[in-house]
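A short write-up of the structure that comes next.
As the structure lists them, so they are numbered: ligands from 1, and atoms in each ligand from 1. For the single chain, residues carry numbers from 1 onward in sequence order.
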Amino acid sequence: VTGPLESALAELLERFHDGQPVALGRAISLVENERPGFQDFLHEVLRVGPRAARIGFTGPPGAGKSSLLSMVATNCRTQDEQLGVVAVDPTSPYSGGALLGDRIRMSDLATDPGIFIRSMATRGSLGGLATTTKEVLDLMDAFGFDRVLVETVGVGQTELEITAAADTVIVVLVPESGDAIQAMKAGLMEIADIFVVNKADRPGADRLVKDLRQGLHLRAATAIESAPAHHGLDLARIMRKESCEEPRGPGWSPPVLSTVAQSGEGVEDLMDTIKAHRFWLEESGELEERRRGRRKVRIQDVVDRELRRTAWRSDTVLAELDQGLERIQKRKDTPYSVAWDILDRLLR
Ligand SMILES: Nc1nc2c(ncn2[C@@H]2O[C@H](COP(=O)(O)OP(=O)(O)OP(=O)(O)O)[C@@H](O)[C@H]2O)c(=O)[nH]1
Ligand SMILES: [Mg+2]
């Protein structure tokens, strides 16, 4: 972040602030491809804080994430909300333009000028949600959409990292996707704000709903028992909430809903729950907390990225690497001592 934007980017920024969808598309490409000046552009864009309600859908392949997302999107459109949609597809070798997979028809949404859809490939280091994906969400937010919906396929780390991008995380499971124990093991209990058991028209859905509720209940009880007293937890208050005396308690227990995304069954309940969660986020201060956590991770991400760039684009470092390889050959060094020398030079 060096100074005034280069004139082409300044012009793009102006059109972006002007609300031109073409400019949003260009800005996304700029960021996705990490073209020169993209950090400066983001710096300018992020001067306005986050405003959009960000909703993440995650879950195993084929669970119905896209179907549910389009139901929710359609519902929001009847309220005349402007929407941004990001589909993170780990299998997609390209990005931009493509719709949310071909199994689901998004044609109604795709032609609606009130919805901006972008699909992108995961390219995150370590298999996590790519920093660029989070940056694209920021762009959509800053562009002024009321809501930004994001779909990520649940394959390990990616689904857990969705918390780093969304205010409300909806975990979509289906009877076929395994039992509640598996969901617990996968860490889904920790990340879900709302559980949806989709394909409720299939056998086993009721069972899964019941087991998930029980699992969540057990987990909440354990959390209370093992909470150290000095954390200042008001146990009495939490227990009251558990016994439903106080519906809007200090915490949020993830509800378990069931839906049939194809027919729209249960989607209205889901909308109500999304709104309730938003209300809780805002009232409890949790929203600010989550945003703060996201900023922290972003700073770390950017530092990581810039360190890597600085290192591997420096002729001195590359020369040091070559020399180091020679020394290792002569058994004078190891990869560790060479790495240490390089770090020493970089951070000196
Ligand atoms: N029986 C039944 N089928 C459903 C339901 N919801 C979605 N499907 C079907 O399940 C398939 C997968 O739905 P998608 O919405 O594409 O699922 P997804 O989770 O987005 O899939 P990926 O993005 O590929 O991981 C489609 O053929 C849907 O028509 C449902 O409630 N009941
Ligand atoms: Mg999908």
Please identify which atoms of ligand 1 are closer than 4.0 Å to at least one heavy atom of D201. 1 (N), 2 (C), 30 (C), 31 (O), 32 (N)
Pick from Q262, R202, E265: the one approaching atom 2 (C) of ligand 1 most closely through a non-hydrogen atom: Q262
Say whether A63, considering both its backbone and side-chain N or O atoms, lies within less than 3.5 Å of an N or O atom on ligand 1. yes
Are R305 and D301 ion-paired here, with the side-chain N under 4.0 Å from a carboxylate O? no
Confirm or rule out an N/O/S atom of S66, from backbone or side chain, lying less than 2.8 Å from the Mg ion (ligand 2). yes
With respect to D167, which candidate in R290, R54, R294, R291 satisfies the side-chain hydrogen bond (donor to acceptor under 3.5 Å, both in side chains) definition? R294
Set of residues satisfying side-chain hydrogen bond (donor to acceptor under 3.5 Å, both in side chains) with respect to E176, sequence neighbours excluded: R202
Does A200 reach ligand 1 with a nitrogen or oxygen that is under 3.5 Å from one of the ligand's nitrogen or oxygen atoms? no
Does V260 reach ligand 1 with a nitrogen or oxygen that is under 3.5 Å from one of the ligand's nitrogen or oxygen atoms? no
What are the atoms of ligand 1, with element, lying closer than 4.0 Å to any heavy atom of A261? 6 (N), 30 (C), 31 (O)
Under 4.5 Å side-chain heavy-atom separation, chaining through any Ile, Leu, Val, Met, Phe, Trp or Tyr, what else clusters with W340? Say none if it is isolated. I299, V303, L307, W312, V317, L318, L321, I328, V338, I342, L343, L346, L347
Would E151 count as a contact of ligand 1 if the rule is a heavy atom under 4.0 Å away? yes
When you check the gap from the basic side-chain N to the acidic O, do E306 and R309 get nearer than 4.0 Å? yes
E151: which N/O/S atom is nearest the Mg ion (ligand 2)? OE2
